[in-house]
Participant: 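My questions all concern the structure below.
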Amino acid sequence: MAATDIARQVGEGCRTVPLAGHVGFDSLPDQLVNKSVSQGFCFNILCVGETGLGKSTLMDTLFNTKFEGEPATHTQPGVQLRSNTYDLQESNVGLKLTIVSTVGFGDQINKEDSYKPIVEFIDAQFEAYLQEELKIRRVLHTYHDSRIHACLYFIAPTGHSLKSLDLVTMKKLDSKVNIIPIIAKSDAISKSELTKFKIKITSELVSNGVQIYQFPTDDESVAEINGTMNAHLPFAVIGSTEELKIGNKMMKARQYPWGTVQVENEAHCDFVKLREMLIRVNMDDLREQTHSRHYELYRRCKLEEMGFKDTDPDSKPFSLQETYEAKRNEFLGELQKKEEEMRQMFVQRVKEKEAELKEAEKELHEKFDRLKKLHQDEKKKLEDKKKSLDDEVNAFKQRKTAAELLQSQGSQAGGSQTLKRDKEKKN
């Protein structure tokens with residue numbers, strides 16, 4: 001019997017029985033709390049928005065501290081993601097907070113591909129976690145989870161409508177991360193303009209099919225407040241680390257010539273709402289949504305690309321071993337096919353090369369024979385010419401000898417005649 005069938009039968013045969021006395025497993029929630037507190041928690045925030053919208057200031061205000069960081073400039077050649085991790089402690093609870101900011105976002109003339117580095121960064125964190133899951137020896141309890149749990153999307157307070165860059169970026173990110181849109185520096189526009197701006201943003205997000213994070217309403221303890229806060233999205237926020245004395249209290253505020261804007265005054269902005277929803281009420285749900293929804297979607301697509309499936313063509317469940325064996329056999333078959341193709345290609349190329357070499361050898365032999373015949377003809381011509389010259393030299397020598405002989409004979413005859421004439425004179 002298959003293991004899945006056994007598990008199904010065990011689940012169907014589950015019965016509820018009463019206890020005769022106290023056992024003690026009601027302390028399990030306390031055990032989980034103690035274990036979680038001792039291990040600590042992690043939370044990762046991605047801040048997306050144009051340079052100068054107050055992303056760093058809002059983070060400092062949210063966590064009531066001063067994070068180290070260099071201010072970004074408008075001269076970046078492209079979008080870069082800067083990640084910083086901090087260890088925070090509140091009471092006996094430790095939090096490893098990672099803040100990722102998009103440096104140079106929206107500063108380029110051509111903004112067509114501005115979203116790509118952000119998508120690649122989020123996918124890289126998913127891939128790192130997936131690789132850790134697929135290891136034989138996993139250490140997930142000590143692994144630093146760098147997956148993005150919340151994306152605060154900063155919208156410029158134009159008062160008109162969303163920019164095309166904002167719509168395209170949020171559309172690309174909504175299936176990968178929990179998007180919480182916020183209107184940055186909302187004190188730059190009036191209350192009436194702000195109300196219209198919120199309605200306009202919500203309408204554009206719906207019409208373009210952008211899925212933003214909705215605070216959960218399935219838990220009765222937070223259903224009412226989350227339902228109310230969903231109606232306030234996007235939050236209009238103001239950030240400030242400067243404290244001013246208002247009445248008898250020191251409060252975070254921004255001082256202007258026309259008055260003071262209090263950060264934690266809900267009549268002035270939605271900062272308190274954002275802090276309540278992001279940190280105090282729904283932090284765990286953001287972490288859970290990241291794992292159960294966005295990461296599971298990435299994991300499923302990635303495993304399907306690798307050939308893993310839950311069911312076979314007959315809708316029967318697949319075990320991991322069967323899927324692995326099927327994929328392995330498929331890979332080996334493709335490998336053998338490619339190997340055979342490469343072998344045939346190699347043999348074909350060797351034959352072509354041999355034919356080329358034979359043709360070249362034939363041409364060399366023909367050229368050698370032509371040169372040899374030409375050499376023999378030239379040699380014969382030279383020999384004939386040499387013979388002719390030798391004959392001419394011999395003939396010349398014979399003529400010379402004959403001339404010398406005649407000359408000597410003439411000289412002798414002339415000498416005898418001279419002696420004869422001398423004798424005659426004496427007589």
Side-chain angles (χ1 to χ4, degrees), residues 43 45-49 53-55 58-59 61-63 148-163 166-240 252 254 261-290 292-294:
F43 193 65
I45 301 176
L46 171 64
C47 298
V48 182
L53 288 180
K55 298 186 291 293
L58 184 64
M59 289 298 101
T61 312
L62 269 175
F63 291 94
I148 300 299
H149 299 125
C151 171
L152 297 182
Y153 197 96
F154 289 69
I155 301 171
T158 60
H160 302 293
S161 61
L162 286 171
K163 298 179 181 179
D166 298 329
L167 286 171
V168 171
T169 304
M170 282 192 275
K171 185 62 180 175
K172 295 292 183 180
L173 296 180
D174 65 355
S175 62
K176 298 179 179 294
V177 71
N178 302 311
I179 300 177
I180 302 177
I182 59 176
I183 302 172
K185 296 185 175 180
S186 60
D187 53 342
I189 54 179
S190 65
K191 277 196 171 185
S192 59
E193 290 177 329
L194 187 59
T195 302
K196 294 177 182 178
F197 192 33
K198 280 189 175 186
I199 296 172
K200 182 68 174 176
I201 291 173
T202 304
S203 173
E204 289 185 344
L205 292 176
V206 172
S207 62
N208 287 277
V210 178
Q211 300 291 326
I212 64 174
Y213 174 72
Q214 294 291 318
F215 304 118
T217 56
D218 51 354
D219 186 354
E220 294 180 359
S221 61
V222 295
E224 184 178 353
I225 185 173
N226 280 346
T228 303
M229 291 302 163
N230 282 329
H232 283 82
L233 288 171
F235 293 133
V237 299
I238 302 167
S240 175
K252 289 184 174 64
R254 300 185 74 90
V261 178
Q262 300 175 29
V263 174
E264 296 178 315
N265 188 336
E266 294 190 51
H268 292 183
C269 70
D270 296 333
F271 173 80
V272 173
K273 295 182 179 67
L274 173 64
R275 184 177 61 190
E276 289 289 325
M277 293 296 98
L278 179 67
I279 301 175
R280 301 182 180 181
V281 178
N282 297 302
M283 180 180 281
D284 185 62
D285 184 73
L286 287 164
R287 287 157 43 91
E288 178 62 27
Q289 285 291 320
T290 298
S292 62
R293 180 187 168 196
H294 301 297

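If you're wondering where the values come from, they're calculated on a predicted model, not measured in any experiment.
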Participant: Looking at every heavy atom in both Val210 and Met170, which two are closest together, and how far apart are they?
Facilitator: CG1-CB, 3.8 Å
Participant: State plainly whether the residues Asp270 and Lys198 are in salt-bridge range, i.e. N to O under 4.0 Å.
Facilitator: yes
Participant: Should Thr290 and Ile148 be marked as a side-chain contact (heavy atoms from CB on, under 4.5 Å) after you check the CA-CA gap, both sets of side-chain angles, and the distance that decides it?
Facilitator: CA-CA 7 Å; Thr290 298; Ile148 300 299; over 6 Å; no
Participant: Any ion pair linking Glu288 and Arg293 (charged N to carboxylate O, less than 4.0 Å)?
Facilitator: no
Participant: When you check the gap from the basic side-chain N to the acidic O, do Lys273 and Glu266 get nearer than 4.0 Å?
Facilitator: yes
Participant: If you apply the rule side-chain contact (heavy atoms from CB on, under 4.5 Å), what do you find for Leu173 with Ile179, and how did you get there?
Facilitator: CA-CA 8 Å; Leu173 296 180; Ile179 300 177; 3.9 Å; yes
Participant: Do the side chains of Cys269 and Ser186 get nearer than 4.5 Å, heavy atoms only?
Facilitator: yes
Participant: Distance from Arg275 atom CZ to Phe235 atom CZ, nearest 0.5 Å?
Facilitator: 12.5 Å
Participant: Ignoring hydrogens and angles, tell me if any N or O in the side chain of His232 forms a donor-acceptor pair with the backbone of Thr228 under 3.5 Å.
Facilitator: yes
Participant: What pair of heavy atoms forms the shortest contact from Ala184 to Phe154, and how long is it?
Facilitator: CB-CD2, 3.7 Å
Participant: Which value, rounded to the nearest 0.5 Å, describes the distance between Leu62 atom CG and Ile279 atom CD1?
Facilitator: 5.0 Å
Participant: Do Leu286 and Leu278 have side chains that approach each other closer than 4.5 Å (heavy atoms only, starting at C-beta)?
Facilitator: yes
Participant: Counting only N and O atoms by type, is there a donor-acceptor contact under 3.5 Å from the side chain of Asn208 to the main-chain atoms of Glu204?
Facilitator: yes
Participant: Look at the side chain of His268 and the backbone N and O of Val261, then say whether any donor-acceptor pair between them is shorter than 3.5 Å.
Facilitator: no
Participant: I need the minimum non-hydrogen distance between Gly239 and Leu58, along with the two atoms involved.
Facilitator: CA-CD1, 4.4 Å
Participant: If you apply the rule side-chain contact (heavy atoms from CB on, under 4.5 Å), what do you find for Thr202 with Leu233, and how did you get there?
Facilitator: CA-CA 8 Å; Thr202 304; Leu233 288 171; over 6 Å; no
Participant: How long is the straight-line distance from CG of Leu205 back to NZ of Lys200, given to the nearest 0.5 Å?
Facilitator: 11.5 Å
Participant: Is Met59 close to Cys47 at the side-chain level, that is, under 4.5 Å between some pair of heavy atoms?
Facilitator: yes
Participant: For a quick check under 3.5 Å, do Asn230 and Tyr213 share a side-chain donor-acceptor pair by atom type?
Facilitator: no
Participant: Applying side-chain contact (heavy atoms from CB on, under 4.5 Å) to Ile189 and Phe197, what does each step give before you reach the verdict?
Facilitator: CA-CA 10 Å; Ile189 54 179; Phe197 192 33; 4.1 Å; yes
Participant: Is there a donor-acceptor pair under 3.5 Å between the side chain of Thr61 and the backbone N or O of Ser240?
Facilitator: yes
Participant: Can you measure from OG1 (Thr169) to NZ (Lys163) and round to the nearest 0.5 angstrom?
Facilitator: 11.5 Å
Participant: Is there a donor-acceptor pair closer than 3.5 Å between any side-chain N or O of Asn282 and the backbone N or O of Phe215?
Facilitator: no
Participant: If you take all heavy atoms of Val237 and Leu274, which pair is closest and at what distance?
Facilitator: CG1-CD2, 3.8 Å
Participant: Give the minimum heavy-atom separation between Lys172 and Lys176, together with the two atoms involved.
Facilitator: O-CD, 4.1 Å
Participant: Look at the side chain of Asp174 and the backbone N and O of Ile212, then say whether any donor-acceptor pair between them is shorter than 3.5 Å.
Facilitator: no
Participant: Could you check if a side-chain atom of Ile180 sits within less than 4.5 angstrom of a side-chain atom of Met277, using non-hydrogen atoms only?
Facilitator: no
Participant: Whether the side chain of Thr217 engages the backbone of Gly227 through a donor-acceptor N/O pair (distance < 3.5 Å, no angle test) should be reported.
Facilitator: no
Participant: What I'd like to find out is whether the side chain of Ile199 reaches to under 4.5 Å of the side chain of Ile201, using heavy atoms alone.
Facilitator: no
Participant: Supply the atom-to-atom distance Phe43 CZ to Arg287 CZ, rounded to the nearest 0.5 angstrom.
Facilitator: 8.5 Å
Participant: Is a donor on one side and an acceptor on the other found under 3.5 Å between the side chain of His294 and the backbone of Gln289?
Facilitator: no
Participant: With rounding to the nearest 0.5 angstrom, report the CD1 to SG distance, Ile182 to Cys151.
Facilitator: 9.5 Å
Participant: Check whether any side-chain heavy atom of Leu53 sits under 4.5 Å from a side-chain heavy atom of Pro157, and report yes or no.
Facilitator: yes
